[in-house]
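In what follows, a single structure is set out as structure tokens and then discussed.
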Amino acid sequence: MSALFNLLKKGSKSSLIAAIVNFVLGSLKFLAYIFTGNVAMFAEMMHSFGDSANQLFVWVGSAVSKKAPNEKFPFGYGRLVNIVCLFAVLIVAILAYETILEGIHHIQHPAAAGDHNPTHFMINVGVLLIGVILEGSVLYKAGKEVLEEVHKPTTGLHPFTTSFASLSKAKPATKLVFMEDTVATGGGLIALIAIVISRFTGFTMIEGIVSVIIGLAMFYVVYKVFMENAAGAIGRADEDMEVHASKIILEHPEISDIKRLVVMKEGEDKHIEALVETLDSEINLRALTAIKKDLINRLLQEPHVTDVNIEIMEDDGTDDWISGNGSSVNKYYL
């Protein structure tokens with residue numbers, strides 16, 4: 001039990017916090033919907049419960065993905081977080097469908113007039129304001145984690161601004177939380193606006209329209225997360241890391257060229273395989289071993305690099321690695 005607890009502590013903290021916050025908000029929105037029957041609140045309730053469920057799965061998956069490699073899984077469990085994210089978005093897709101369906105029904109059969117009950121109005125506004133504040137705080141924390149992972153400033157408004165430009169380089173779990181809470185915060189704001197408009201103008205159809213918009217936004221998150229994690233589950237090349245690793249390798253005074261270089265990303269883990277060429281054709285085995293060890297140690301110091309395999313061959317006189325764009329005609333040749 002203690003081993004499981006220690007493993008879960010390694011899970012994505014932003015996912016766990018987001019799961020708890022969204023469950024609390026989903027419960028509040030459920031009570032508000034039961035009491036007021038507001039369709040925009042229904043959409044927000046479904047969104048919060050969907051986010052809570054998949055973020056809980058992602059937290060567990062991100063923790064288990066950090067299990068050490070063993071004989072059965074020599075490359076570790078890194079891809080598990082991608083598989084869990086794929087499963088999690090199915091829940092969001094189902095709830096998004098129900099949200100859109102309810103919104104369409106409300107558009108086709110809107111109430112005759114807005115809800116003029118001041119108590120209902122205050123309940124809806126109060127719950128949505130609490131939701132926007134709490135979801136915004138989770139979004140801010142997820143934005144900070146995105147920036148921390150790419151070593152950029154995390155102070156001030158940076159988590160709300162520059163984090164979007166760095167999102168592609170974030171961990172799968174962090175990226176999912178950030179995207180979901182971006183949609184959740186925005187959805188809460190437009191649901192709040194819809195309730196105010198409906199209350200003071202009688203245009204109740206807007207609540208159904210907002211419900212459809214929130215559902216479509218949820219489907220957008222499903223699409224982005226699915227495509228991202230499907231590639232990760234299969235195993236994809238990390239081209240940015242390949243360029244960076246090539247610079248580290250070519251900085252070594254004994255290395256003249258790179259014949260082949262592949263950086264495979266599995267979840268948060270990165271595996272590097274390289275075939276490099278040495279200048280000295282008469283170098284002895286001891287020196288080759290020292291070069292190989294030095295390169296491996298340098299590459300293992302990079303974030304999330306867990307495994308490095310280096311092979312060294314004599315320089316064949318051909319420039320294989322194109323240093324300008326970090327590529328090689330023999331890049332995937334085995």
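All values below were derived from every heavy atom in this structure, side-chain atoms included, with hydrogens, water molecules and symmetry-related copies excluded.
Closest non-hydrogen pair, Gly188 versus Val132, comes out as C-CG2, 3.7 Å. Closest of all the heavy-atom pairs between Leu86 and Ala230 is CD2-N, 3.7 Å. Smallest separation of non-hydrogen atoms from Phe121 and Val196: CE1-CA, 4.0 Å. Looking at every heavy atom in both residues, Ser27 comes nearest to Phe49 through N-CZ, 3.6 Å. Scanning both residues, Ala194 and Ile206, for their nearest heavy atoms gives O-CG2, 3.6 Å. Heavy atoms only, all atoms of each residue included: Val183 and Ala217 are closest at CG1-CB, 3.5 Å.
With rounding to the nearest 0.5 angstrom, the NE2 atom of His105 is 10.5 Å from the CZ atom of Phe42. Distance CD1/Ile249 to CD1/Ile255: 8.0 Å, rounded to 0.5 Å. The distance from atom OG1 of Thr185 to atom CD1 of Ile133, rounded to the nearest 0.5 Å, is 11.0 Å. Here the NZ atom belonging to Lys175 is positioned 13.0 Å from the OG atom belonging to Ser163, to the nearest 0.5 angstrom. Atom CD1 of Ile197 sits about 12.0 Å away from atom OG1 of Thr204, to the nearest 0.5 Å. One finds the CD atom of Glu44 at 4.0 Å from the NZ atom of Lys29 (value rounded to the nearest 0.5 Å).
Residues His252 and Asp294 are in side-chain contact: their nearest non-hydrogen atoms beyond the backbone lie under 4.5 Å apart. Counting heavy atoms from C-beta on, the side chains of Glu135 and Ser48 come closer than 4.5 Å. In this structure, Ile107 and Val212 have side chains that are in contact, with non-hydrogen atoms separated by less than 4.5 Å. Inter-residue side-chain proximity for Thr162 and Val146 is flagged as unmet; no heavy-atom pair is nearer than 4.5 Å. Two residues are said to be in side-chain contact when any heavy atoms from C-beta on lie closer than 4.5 Å; Val305 and Met241 meet this criterion. Looking only at side-chain heavy atoms (C-beta outward), Glu273 and Asp307 stay at 4.5 Å or farther from each other. In this structure the side chain of His158 never reaches within 4.5 angstrom of the side chain of Lys152, judged on heavy atoms. Contact of the Met41 side chain with the Met45 side chain is not registered, since no non-hydrogen atoms from C-beta on lie closer than 4.5 Å.
The backbone N or O of Thr99 lies less than 3.5 Å from a partner atom in the side chain of Ser211, making a donor-acceptor pair.
Legend: residues meeting side chain to side chain contact (heavy atoms under 4.5 Å, CB included) with Phe219, ordered by chain and number and at least two apart, are Ala93, Ala96, Tyr97, Ile100. Contacts of Phe35 classified as side chain to side chain contact (heavy atoms under 4.5 Å, CB included), with partners at least two apart in sequence or in another chain: Thr119, His120, Ile123. For Leu129, the side chain to side chain contact (heavy atoms under 4.5 Å, CB included) partners at least two apart in sequence or on another chain are Val125, Leu192. Residues forming a side chain to side chain contact (heavy atoms under 4.5 Å, CB included) with Glu277 (at least two apart in sequence, or on another chain): Ser256, Asp257, Lys259, Met313, Asp315, Asp316, Asp320.
Tracing side-chain contacts under 4.5 Å through hydrophobic residues (I, L, V, M, F, W, Y), one never reaches Ile214 starting from Leu189; they form parts of separate clusters. Cluster membership check: Leu147 does not share its hydrophobic cluster with Val177, using side-chain heavy-atom separations under 4.5 Å among Ile, Leu, Val, Met, Phe, Trp and Tyr. By the criterion of side-chain heavy atoms lying less than 4.5 angstrom apart, applied directly or through intervening Ile, Leu, Val, Met, Phe, Trp or Tyr residues, Ile34 is grouped together with Ile195 in one hydrophobic cluster. Put simply, Ile83 and Val221 are part of two different groups of oily side chains (I, L, V, M, F, W, Y) that touch within less than 4.5 Å, one to the next. Both Leu56 and Val222 are members of a single hydrophobic cluster when ILVMFWY side chains are connected at heavy-atom separations under 4.5 Å.
For residues 125-146, the ring-ring contact (aromatic ring centres under 6.0 Å, His included) pairs, not counting sequence neighbours, are Tyr140-Phe160.
Ring geometry, Phe164 versus Phe178: the interplanar angle exceeds 60°, so the pair is classed perpendicular (tilted spans 30 to 60°).
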Compile the donor-acceptor pairs under 3.5 Å between side chains in residues 283-293 and protein atoms, sequence neighbours left out, one pair per line.
residue : atom : partner : partner atom : Å
Asn284  : OD1  : Arg286  : N            : 3.2
Asn284  : OD1  : Ala287  : N            : 2.7
Thr289  : OG1  : Leu285  : O            : 2.9
Lys292  : NZ   : Ile310  : O            : 3.2

Just do the side chain to side chain contact (heavy atoms under 4.5 Å, CB included) check on Ile272 and Asn309 with the steps written out, would you?
-> CA-CA 6 Å; Ile272 300 177; Asn309 181 25; over 6 Å; no

Could you please spell out the steps behind the side chain to side chain contact (heavy atoms under 4.5 Å, CB included) verdict for Met179 and Lys224?
-> CA-CA 9 Å; Met179 289 181 64; Lys224 294 291 290 184; 3.2 Å; yes

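Met218 pairs in a side chain to side chain contact (heavy atoms under 4.5 Å, CB included) with only one of the listed residues (Val92, Ile213, Val89, Ile94), which is Val92.
A salt bridge is absent between Lys144 and Glu148: the closest approach of a Lys/Arg side-chain nitrogen to an acidic carboxylate oxygen does not fall below 4.0 angstrom.
Remark: the Glu207 side chain and the Ser198 side chain contain an N/O donor-acceptor pair separated by less than 3.5 Å.
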